[in-house]
Amino acid sequence: MESSHEAVFDDLKTFIEILFENKDSIKALSTAFSFVADDLHIGRIMGEIPSSKSESEMAALAENRILYMSDLGFDPENSYRFSFKTITGADGAMIVSPVPNYTFTDLDKKYLDLLLQISDIHINRCVAYSEIEESSMIQVLTKLPNADGYMKRASHKLAMGSIDEFDSFYFDLSNFGLINKKFGSKEGNEIMVRYTEQLKKFFNNNEVLGHLGGDNFVCLVEKGERSKQLQKMLTEGIIVEGRQPDGSDVELNISAVAGFMHIVMPITRDRIIAGPAIALANAKTNKKKIVELTDEISDAAIRSKSIEQSFENALANNEFTVFYQPKVNSVTGEIIGCEALSRWYENDVLVKPMTYIPVLEKTGKINTLDLFMLETVCKDISEWKKTGRKAVPCSVNFSRRDLLDEKLPRKILDIINRYGVEKSEIVIEVTETASEEESANMINFLGRLSDFGIETSIDDFGTGYSSLSTLREYPINEIKIDRSFINKNLGSSDEIIIHSIIEMAKQLNISVITEGVEKIFQKDFLHKLGCDRLQGYLYDKPLPKEQFEKKLLVGKYNNVTDFEGDD
Ligand code: C2E
Ligand code: CA
Ligand code: CA
């Protein structure tokens, strides 16, 4: 007997080490006990370990579990019971039974007590870890699972193979910024909590609702009728009380913008959230309340990701080129200028600007393209002049996104100077602004260019935020009337509008050009109203450099015919 207790003492070190190295694993107890069990004649150890809230190992151990079982079997009659309490206040116990035909001696019990007390500490440490982990998985305000907590639950369903029973949603609340503004952020938080309290009621135990933070939510809802109900509820809104600063209560209808997808196998973990997020982005871009992810939407998102990733390489590989579209004096037919438009030959396939410009604008890379275009245009103009050819002023497009860069006017000037191009040979074209805020940036940008003596033009005139005040407030040299003004059946009200724009511009010494002119009757109509500077398929589409050079050589259009086509 003595010798076997000495052995226990040796193995005690191993016992403690194993537990120490596995701070957050209750399973480690089984391994640890296997080192001492023989010497103490242990037949079986049964743990009654209280459950924890989390879905981690603790929860899996909620029921009684066997921590050790000897090959010799065990005798339940002579069991030794050790009770303990966890830090969360729950009761637990470990019941140790000897091998058959053995009764624990007092000395055995002393050793057992020591081992069980160490196990008690170990279990409590595991409980503490699991509590900490659990609290880090909860969104503080709404007590819903946060991103980690949600992913953990979703991953569990993925592992169990049940994830495809669900539709996956990603949604955020419409105008919650306004609510915060109106009610203050404290009451805003309260409103958010009331909203989620209502929302929670909808979900059953099988489904998962998560709060990523801010007003961003995700959820997994059973396919079919349940999903349809949620779609309706999110978009129609939930009525929530709001307390106004003056103490009076109002009813608010809080609705969401949502993206969702039917989950089909196989699916990756990331896709569970990324899929509906793509659909949500699509909903926002298209000003819809809810969008279901389709292959088409998904492909477009992949496409824009790939544009974003390949853009810089493509630029370095000379895949981008400049096409030139002539601007023409409609009375004389003379080419009086041109506009530079970008084209992307990706693996020799022509990609149209409408595919990549919005992506580059969104990702802030448009700046690089626009400066590249300016530089290429300056190179071309300087080459034309060096070889004794005629050059005409060329418009270069700059995106509104570019205006965030305060150094841009300076960069533009530097490029023009570097290639020895006259300032009068370049026109910087920007589209009308969409908001008051943008407008301030724009005035600043145009003012700087004007100070440098560089001409500017307002593109798509008539479609923006403040067309007429633009004429007065902006230091500009040209406006380009948008083709939407002339490509419909022209009626008398259009006539009045275009005419007054042209008249006003003339008085302010701003020149007027109209783009998108395809038909002779449009040319004649514009002539009658006093606009003889035209750009459009009536003369030419944007042309590759070599073709444009040939047109420049001729210098004018003598006979024109209507453009018949749908592009
Ligand atoms: P935009 O600046 O308004 O350019 C005029 C667009 O109208 C061009 O389309 C041109 O090909 C097209 N167009 C010209 N005349 C006619 C016509 O008679 N009928 C019709 N149906 N269309 C006509 P494109 O080249 O596809 O460019 C589309 C837009 O992409 C441009 O609109 C511009 O906003 C943007 N873009 C193109 N290149 C650049 C660039 O280098 N930088 C920036 N920031 N934007 C660019
Ligand atoms: Ca333009
Ligand atoms: Ca335009």
Side-chain angles (χ1 to χ4, degrees), residues 307 311 314-315 319-328 330 337-345 350-378 380 393-405 408 412 415 426-434 442 445 455-464 467 476 478-488 512-523 526 533-544 547-548 557 560-567:
I307 287 172
F311 169 67
L315 199 61
E319 291 176 24
F320 281 90
T321 52
V322 179
F323 273 38
Y324 292 95
Q325 186 177 33
K327 293 177 177 175
V328 179
S330 66
C338 61
E339 176 176 9
L341 292 154
S342 61
R343 295 292 182 267
W344 183 359
Y345 282 98
L350 181 88
V351 188
K352 286 271 200 144
M354 281 344 270
T355 316
Y356 56 82
I357 298 278
V359 177
L360 297 180
E361 286 189 326
K362 226 172 27 215
T363 55
K365 294 189 172 167
I366 189 71
N367 200 314
T368 314
L369 177 67
D370 290 343
L371 288 170
F372 164 85
M373 291 288 290
L374 175 66
E375 187 155 354
T376 312
V377 166
C378 287
D380 287 350
C394 183
S395 297
V396 180
N397 291 285
F398 276 82
S399 162
R400 289 205 300 253
R401 272 296 304 248
D402 291 330
L403 306 188
L404 299 173
D405 176 6
L408 188 60
I412 291 175
I415 292 174
I426 296 292
V427 181
I428 302 299
E429 229 176 84
V430 279
T431 55
E432 260 193 289
T433 48
M442 178 79 95
F445 175 74
E455 301 212 337
T456 52
S457 172
I458 298 291
D459 201 357
D460 303 344
F461 188 85
T463 59
S467 298
I476 48 170
E478 180 191 76
I479 55 169
K480 192 184 253 187
I481 296 178
D482 190 66
R483 70 192 182 97
S484 63
F485 275 88
I486 53 148
N487 73 358
K488 51 192 173 187
V512 181
I513 181 164
T514 305
E515 74 176 340
V517 180
E518 299 182 350
K519 311 278 184 197
I520 290 170
F521 84 86
Q522 293 172 325
K523 168 177 85 92
L526 287 161
R533 292 159 54 82
L534 310 182
Q535 180 185 342
Y537 294 174
L538 177 65
Y539 299 102
D540 260 314
K541 287 190 168 183
L543 304 168
Q547 283 184 39
F548 178 66
Y557 292 85
V560 287
T561 49
D562 280 358
F563 171 75
E564 310 282 357
D566 41 27
D567 180 26

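Numbering of ligands and ligand atoms starts at 1, following listing order.
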Could you tell me whether ligand 1 has any atom less than 4.0 Å away from a heavy atom of Glu339?
-> yes
Output for pair (Leu404 CG, Phe445 CZ), nearest 0.5 Å, gives 11.0 Å
Going by the angle between their ring planes, with limits at 30° and 60°, are Tyr356 and Phe320 parallel, tilted or perpendicular?
-> perpendicular
Could you tell me how the ring of Tyr324 sits relative to the ring of Phe548: parallel (under 30°), tilted (30 to 60°) or perpendicular (over 60°)?
-> parallel
Any idea which atoms of ligand 1 are less than 4.0 Å away from a heavy-atom of Pro353?
-> 24 (P), 25 (O), 26 (O), 27 (O), 30 (O), 37 (C)
Between the side chain of Asp482 and the main-chain N/O of Ser484, is any donor-acceptor distance below 3.5 Å?
-> yes
So, are Lys480 and Glu432 salt-bridged, with charged N and O less than 4.0 Å apart?
-> no
Classify the contact between Ile357 and ligand 1 as side chain, backbone, both or neither, using a heavy-atom distance cut-off of under 4.0 Å.
-> side chain
Expected output: side-chain Asn397 to main-chain Asp370 donor-acceptor under 3.5 Å | no
Just which atoms of ligand 1 are under 4.0 Å from any heavy atom in Met354?
-> 28 (C), 29 (C), 30 (O)
What is the distance from atom CG of Asp402 to atom CD of Glu361, rounded to the nearest 0.5 Å?
-> 8.0 Å
Step-by-step side-chain hydrogen bond (donor to acceptor under 3.5 Å, both in side chains) determination, Glu339 to Ser395 | CA-CA 4 Å; Glu339 176 176 9; Ser395 297; over 6 Å; no
Just wondering, do Ile520 and Leu538 contact through their side chains at under 4.5 Å, heavy atoms?
-> yes
Contact region, Thr431 to ligand 1, non-hydrogen atoms below 4.0 Å, reads neither
Looking at Gly536, which atoms of ligand 1 are within less than 4.0 Å of one of its heavy atoms?
-> 15 (N), 18 (O)
Is any side-chain heavy atom of Thr456 closer than 4.5 Å to a side-chain heavy atom of Val430?
-> no
Going by chain and residue number, what protein N/O/S atoms come nearer than 3.0 Å to the Ca ion (ligand 2)?
-> Glu339 OE2, Asn397 OD1, Glu429 OE1, Asp459 OD2
Would you say Phe461 and Val512 make side-chain contact, with heavy atoms under 4.5 Å?
-> no
Residue Pro542 vicinity, atoms of ligand 1 by number, heavy atom under 4.0 Å = 11 (O)
Check whether any heavy atom of Gln535 sits under 4.0 Å from an atom of ligand 1.
-> no
Any donor and acceptor pair, going by atom type alone, linking the side chain of Glu518 with main-chain N or O of Asp562 inside 3.5 Å?
-> no
Using a strict cut-off of 4.0 Å, indicate which atoms of ligand 1 neighbour a heavy atom of Met373.
-> 41 (O)
Counting heavy atoms only, which of Glu429, Gln325, Glu515 comes nearest to atom 14 (C) of ligand 1?
-> Gln325
Residue Asp460 vicinity, atoms of ligand 1 by number, heavy atom under 4.0 Å | 3 (O)
Judging by distance only, is a nitrogen or oxygen of Glu361 under 3.5 angstrom from one on ligand 1?
-> no
Say whether, by atom type as modelled, one donor and one acceptor occur between the side chain of Lys541 and the main chain of Gln325 under 3.5 angstrom.
-> no
Note: heavy atom closest to atom 1 (P) of ligand 1, options Leu534, Asp459, Val430, Thr355, belongs to Asp459
Note, Pro353 side chain near Arg343 side chain (heavy atom, < 4.5 Å) | yes
Could you list which atoms of ligand 1 come closer than 4.0 Å to a heavy atom of Asp370?
-> 40 (C), 41 (O), 42 (N), 43 (C), 44 (N)
Would you please determine whether Lys480 falls within less than 4.0 Å of ligand 1 on a heavy-atom basis?
-> no
Just distances here: any N/O of Arg343 and N/O of ligand 1 closer than 3.5 Å?
-> yes
